[in-house]
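What follows is a set of notes on a single structure, which appears directly below.
FYI, the numbering just counts along the sequence from 1. Note: hydrogens, waters and symmetry copies are ignored here, and every other heavy atom, side chains too, is used.
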Amino acid sequence: MNKDLEEQLEYFLTESMEQAVFSNSCDKESILKAKVRPLIMREKLVFQVEEFRGKQAFHKNLEKEEAIRYMVALLDGTFRQMELTSRAGSLHVLVSKKGTVTVKARRQQPAKITAAPVNLSHNRQKRYILEEGKPVPFLEDLGVLTADGAVVKAKYHKFKQINRFLEFIEDILPRLPKNREVTIIDFGCGKSYLTFAMYYYLRELQGYSIRIIGLDLKQDVIDRCNRLSEKYGFENLKFYHGDIATYEGVSQVDMVVTLHACDTATDYALAKAVKWNASVILSVPCCQHELNGQMDNKLMGPVFQYGLIKERMAALYTDAIRAQLLESRGYRTQILEFIDMEHTPKNILIRAVRQGEKKDNRKELEELMTFLSVEPTLFRLLKDEED
């Protein structure tokens, strides 16, 4: 056991700790990411572990000594990086491919630890990446925050949505290079709440050199977004009028974002991302009508006769097939809940990270599509590219 690391964890694992995030997994088939945060349960301090395995998250609560042993073990062959933040300072750990552990700790002087105590109750208020009470000018202009940083009551769902989206961005940061400019395209950007938030988070808060291109068919929306971008000095955030299917403005893209692109527009965006070998795809599909008009199966007839049921099943089949098609092209793909159903029924996010190893699932997919009597646009687009 690394004694320096053990001593630092002994110091930082207190009620002042905010969270520890483990990333750069050595075995992505086993565990993708882990987080540790303090909690007060039954008047006792424990540390809640959240492990992300495949498409699921698992939780367990550990006492301090157990948590220290667990965290040290994670850095002994499971992860190569840990970032711990605390009101008492910060701890950064890197593990080289040869197993060399580098521990960098910054401890606050006791007199400087003046922040209000963190609420560690199990049902504590959620800690957002863009915090309530901190002014963010572009969110004020977009009507989400007031001038003093308070969330506009009618826009609280939008505030939660923005922060949830940034959490997904936070998870894929290791996939974005820091030694060169990162190119991101947002297809169907609309009013661009999330596009502005993505630029602000990556450029202003995380220090990435980025170029973001927003694309939409509504010229008035594009004009307004460009005015706001210029107003805030977001020099590498540009918006253009254009169609997803025919856009050829760039030759290399690191991340493709498509949020609520309607029906098959999502498929064209996903196909473009695959063509560019984009490292990351984040897609929130919308209005999945295509399969609903195609699905026909005698066995499923008693179910399909209910229009609402058939519509919902078609939407779920659409996104599941999309995810599997991305797997077949070398992406590790997850389907995640984007925002609570109480806010919007369009709450599925497809997150795909390029791994390079293609999944051999074509036979199963073709059998499923034959069973449903469907041919999704994304299947056709990717097949045409192969041919």
Without swapping roles, check the side chain of [X] against the backbone of [Y] for a donor-acceptor pair under 3.5 Å.
X: S25; Y: L32; answer: no
X: E7; Y: D4; answer: no
X: D216; Y: F187; answer: no
X: R203; Y: R211; answer: no
X: K64; Y: L45; answer: no
X: K60; Y: E50; answer: no

Practice task
May I ask you to decide if the ring planes of F22 and Y70 are parallel, tilted or perpendicular, using 30° and 60° as cut-offs?
Solution key: perpendicular

Handout entry: Which residues share a side chain to side chain contact (heavy atoms under 4.5 Å, CB included) with R354, sequence neighbours left out
Key = N277, S279, Y331

Polar contact flag, side-chain donor to acceptor under 3.5 angstrom, [X]-[Y]:
X: E167; Y: N163; value: no
X: D319; Y: Q288; value: yes
X: T377; Y: E290; value: yes
X: Y156; Y: Q161; value: no

Do [X] and [Y] share a hydrophobic cluster, counting only Ile, Leu, Val, Met, Phe, Trp and Tyr and linking them when any side-chain heavy atoms are less than 4.5 Å apart?
X: M82; Y: F79; value: yes
X: V21; Y: L84; value: no
X: L349; Y: F159; value: yes
X: L75; Y: F52; value: no
X: W276; Y: V353; value: no

Flag the pair [X] / [Y] as yes when at least one side-chain heavy-atom distance between them is below 4.5 Å, and no otherwise.
X: I169; Y: M198; value: yes
X: L139; Y: L130; value: yes
X: K44; Y: E63; value: yes
X: K155; Y: L145; value: no
X: I184; Y: I213; value: no
X: S86; Y: L13; value: no
X: K104; Y: L91; value: no
X: L365; Y: F379; value: no

Exercise for the section: Could you please spell out the steps behind the side-chain contact (heavy atoms from CB on, under 4.5 Å) verdict for I68 and E10? Expected result: CA-CA 7 Å; I68 291 174; E10 178 71 33; 3.4 Å; yes

Nearest 0.5 Å, please: how far is [atom2] in [Y] from [atom1] in [X]?
X: L202; Y: K178; atom1: CG; atom2: NZ; answer: 9.5 Å
X: R332; Y: E327; atom1: CZ; atom2: CD; answer: 8.5 Å
X: I281; Y: T333; atom1: CD1; atom2: OG1; answer: 7.0 Å
X: T318; Y: R322; atom1: OG1; atom2: CZ; answer: 6.0 Å
X: L173; Y: Y208; atom1: CG; atom2: OH; answer: 4.5 Å
X: K35; Y: Q19; atom1: NZ; atom2: CD; answer: 5.5 Å

Handout entry: Option passing side chain to side chain contact (heavy atoms under 4.5 Å, CB included) with C189 (candidates I222, I212, L215)
Key = I222

Completion exercise
Per side chain to side chain contact (heavy atoms under 4.5 Å, CB included), N361 is matched among K358, K359, K363 by K359

Handout entry: Check ion pair E366-R362 (N to O, under 4.0 angstrom)
Key = yes

Problem - SB check R180 D254 (cutoff 4.0 Å) - result: yes

For the [atom1] atom on [X], are there more than 12 heavy atoms of other groups (residues, nucleotides or ligands in this structure) within a distance under 6.0 Å?
X: D360; atom1: CG; answer: no
X: E235; atom1: CD; answer: no
X: Q219; atom1: CD; answer: yes
X: K134; atom1: NZ; answer: no
X: Q294; atom1: CD; answer: yes
X: R380; atom1: CZ; answer: yes
X: D76; atom1: CG; answer: no
X: F58; atom1: CZ; answer: yes

Taking all atoms of both residues into account, what is the closest heavy-atom pair of [X] and [Y], and its distance?
X: I40; Y: E15; answer: CD1-OE2, 3.9 Å
X: R351; Y: L282; answer: CG-CD2, 3.5 Å
X: G190; Y: C225; answer: O-SG, 3.7 Å
X: P177; Y: R175; answer: CD-O, 3.7 Å
X: S229; Y: L237; answer: OG-O, 2.7 Å
X: P376; Y: I321; answer: CG-CG2, 4.0 Å

Problem - Worked verdict on L194 versus D186 for side-chain contact (heavy atoms from CB on, under 4.5 Å) - result: CA-CA 9 Å; L194 300 179; D186 184 355; 5.6 Å; no

Problem - R107 vs Q8, side-chain contact (heavy atoms from CB on, under 4.5 Å): CA-CA, chis, key distance, verdict - result: CA-CA 10 Å; R107 298 188 181 187; Q8 296 295 348; 3.1 Å; yes

Handout entry: Pairs involving residues 234-258, ordered by first then second residue, that meet ring pair (Phe, Tyr, Trp, His ring centres under 6.0 Å) (sequence neighbours left out)
Key = F196-F239, Y199-F234, Y232-F234

Exercise for the section: Examine R37 relative to F47 and say whether NZ or CZ is less than 6.0 Å from the centre of the six-membered ring and inside a 45° cone about the ring axis. Expected result: no

Handout entry: K158 NZ/CZ over Y193 ring centroid, <6.0 Å and within 45° of normal
Key = yes

Exercise for the section: Would you check, one step at a time, whether the test side-chain contact (heavy atoms from CB on, under 4.5 Å) holds for N297 with F371? Expected result: CA-CA 7 Å; N297 180 282; F371 176 77; 3.3 Å; yes

